[in-house]
Structure formats: C-alpha cells, structure tokens
Amino acid sequence: QAVLCNIPPSLLNTQQQQQQQQGQEQQGQEKGGEEKHKKITLALQKIFHQLKSSNTSITTNVLTQSFGWTSADAFEQHDIQEFSRLLMDAIEINLKSSQFQGLIQKLFAGQSQMYITCINVDYTSSRIEEYQDIALNVKGFQNIYQSLDNYVEVEMMDGENKYRAGQYGLQDAKKGSRFLSFPPILQFQLKRFEYDFQHDMMMKVNDLFEFPDRLDLSKYIDEEVVHA
C-alpha cells in the first residue's frame, strides 16, 4: 500500500470536518451491489475511525479495494490527480440531498476563462471553465510563480497560425487563460513527468522547484473581476 499515491491532506481535513459536523463517526459494512462511490466513502470513514481508535498501524486495503483495485494494482504507481478527482467525486455524490451538498465544489472549485482576442478588429471569443486543480509546468522553471506566469502567458496567433474570427476571416489574435476566482483550498498538479524523445519514454523532472509558505495570487486574478 505504501507505493500508492498519498491522499491529499486537504481531502483528509474535509472528511474529518464532515464527520465532526455530523457529530458522529459513521461506520458501514459493504453490502453486495452498493454503488462504487458509496463504497469509497464508507471505506474512508472506516479508516478514520481506525486511525482514531487504534493504537497500532492500520492498513488501507479497504480503501484501495473500494476503488476496484486488486493486490496486483497496489504495486503500480497511480496518478494522484486521477485518485484525487475520483475520491472527491465520490464524496460529492454521497453528500447529495444532505445539508453538506456542494461542499466539495465550495472548497475546491474555482473558475478560469480561456480567451482569444483579435488585435485589429473588435472580436473576442471566450469560455469560462471550472477547475479543481491547476496543472503547472515544472521543467525550466525555478519556482511556482514562474510556473504560474507561464500558465497565464499570452500566445500570439499570427502568420500561418492566424485565428478565424467569423465574418472577419483570418486575424492576428492573442490567446490566453486568466483566473476569475480561486477556491478556499487550491490544489496544484506539478507536471514532473515529460516525454523524452531521445529515450522514447516518460522521464521524471527532478529539478529544484521552490514555493513559499504563503502564496500571493493577487496578480493572477483578472483585473476586471477585482474591480467589479
């Protein structure tokens, strides 16, 4: 079980918060035919109960089994982003029709906007998207601020890469992404694996990557949102 990805502390805190607010520890035994998300949340609650009541180390077998993973899968490195989303989806679904419905969205979801703005004509195309984590490039950057600058960097669409702007035809344009809001709990996915064409395989980026104890994200919020 040690080779599996770690459960993000933010998710553990969320589950603990939920249990404390409910004022009781929920324990359940798996029943045949239960939906997958129900099995996952029950397994997670069982682990928290064991962590609180046991004086010895505990196993996470019940949780990995609830994901449908076998003992053979335990020796594979699973994607933390995939694991995180699956776990949060299971908790969110299990909270439906309760006083905590929408808790995951409130804690982990933010909004960003993808946009393309023409330079020579008055034409803009944009799309608002919801995110629960931000994937940042690591290779070639020394710290999280440089990676965030890269994330919101504006790309020029010109030459053979002009943008087709409806009735205006092909136009020079600027393409980029900006943040409209950040959630109370913000998760970053550091892209430490890249494809190496020379070795024809995925290689891990082990370069030093720094981040402060306190993160100032004010410069990355769209100015129109700040002054709204």
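What you are looking at is a predicted structure, and each value in this text was computed from that prediction instead of being measured.
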Start with the C-alpha distance between Leu42 and Asn94, add both sets of side-chain angles, then the distance that settles side-chain contact (heavy atoms from CB on, under 4.5 Å), and finish with yes or no.
-> CA-CA 10 Å; Leu42 288 175; Asn94 200 43; over 6 Å; no
Let me see the working for Glu129 and Met114 under side-chain contact (heavy atoms from CB on, under 4.5 Å), right down to the final yes or no.
-> CA-CA 8 Å; Glu129 298 179 336; Met114 306 291 292; 3.8 Å; yes
Worked check of side-chain contact (heavy atoms from CB on, under 4.5 Å) between Leu136 and Phe141 | CA-CA 10 Å; Leu136 297 178; Phe141 303 107; over 6 Å; no
Decide side-chain contact (heavy atoms from CB on, under 4.5 Å) for Met156 and Ile119; before the verdict, give the C-alpha distance in whole Å, the side-chain angles of both, and the deciding distance to 0.1 Å.
-> CA-CA 10 Å; Met156 293 299 301; Ile119 297 174; 3.2 Å; yes
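The aromatic rings of Tyr123 and Tyr168 sit perpendicular to each other, their planes meeting at more than 60°, with 30° as the lower class boundary.
The nearest pair of heavy atoms linking Ser177 to Tyr115 is N-CE2, 3.6 Å. Heavy-atom minimum distance, Gln187 versus Ser84: OE1-OG, 3.7 Å. For the residue pair Gly140 and Gln146, the shortest heavy atom distance occurs at O-OE1, 4.5 Å. Of all heavy-atom pairs spanning Ala43 and Val62, the tightest one is CB-O, 3.6 Å. Closest approach of Tyr131 to Gln111, counting heavy atoms only: CE2-N, 3.4 Å. Smallest separation of non-hydrogen atoms from Leu217 and Leu186: CD1-CD2, 3.5 Å.
Looking at Glu155 and Asn161, their side chains come closer than 4.5 Å, going by heavy atoms from C-beta outward. Gln50 is not listed as a side-chain neighbour of Thr59, based on a closest heavy-atom distance of 4.5 Å or more. Inter-residue side-chain proximity for Ile144 and Pro212 is flagged as met; some heavy-atom pair is nearer than 4.5 Å. At a threshold of 4.5 Å between non-hydrogen side-chain atoms, the residues Phe209 and Arg192 count as touching.
The distance between the ring centers of Phe182 and Tyr220 does not fall below 6.0 angstrom. Aromatic rings from Phe188 and Phe211 are positioned such that their centres are separated by 6.0 Å or more.
Atom CD1 of Ile91 and atom CD1 of Ile40 lie 9.0 Å apart (nearest 0.5 Å). Rounding to the nearest 0.5 angstrom, the gap separating the CE atom in Met88 from the CD atom in Gln105 is 8.5 Å. Distance check, rounded to the nearest 0.5 Å: CG of Leu180 to OG of Ser112 gives 7.0 Å. The CD1 atom of Ile58 lies 10.0 Å from the NZ atom of Lys46; values are rounded to the nearest 0.5 Å. Here the SG-CZ distance, from Cys118 to Arg164, works out to 12.0 Å after rounding to the nearest 0.5 Å. Taking CD1 of Ile134 as the reference point, atom CG of Leu148 lies at 6.5 Å (rounded to 0.5 Å).
Gln171 contributes no side-chain N or O that, together with a main-chain N or O of Tyr163, makes up a donor-acceptor pair within less than 3.5 Å. With hydrogens and angles ignored, the 3.5 Å screen pairs a side-chain donor or acceptor of Ser147 with a backbone N or O of Asn137. Looking at Ser98, its side chain does come within 3.5 Å of a backbone N or O of Leu95 through a donor-acceptor pair.
Two different hydrophobic clusters hold Ile116 and Leu170 under the rule that ILVMFWY side chains link at heavy-atom gaps under 4.5 Å. The same ILVMFWY cluster, assembled from side-chain heavy atoms under 4.5 Å apart, contains both Ile221 and Leu215.
With 3.5 Å as the limit, one finds no donor-acceptor pair spanning the side chains of Gln101 and Glu92.
Salt bridge annotation for Lys162-Glu160: absent, with no cationic side-chain nitrogen under 4.0 angstrom from a carboxylate oxygen.
Here Val205 pairs with Val138, Lys139, Glu194, Asp207 under the side chain to side chain contact (heavy atoms under 4.5 Å, CB included) rule; sequence neighbours left out.
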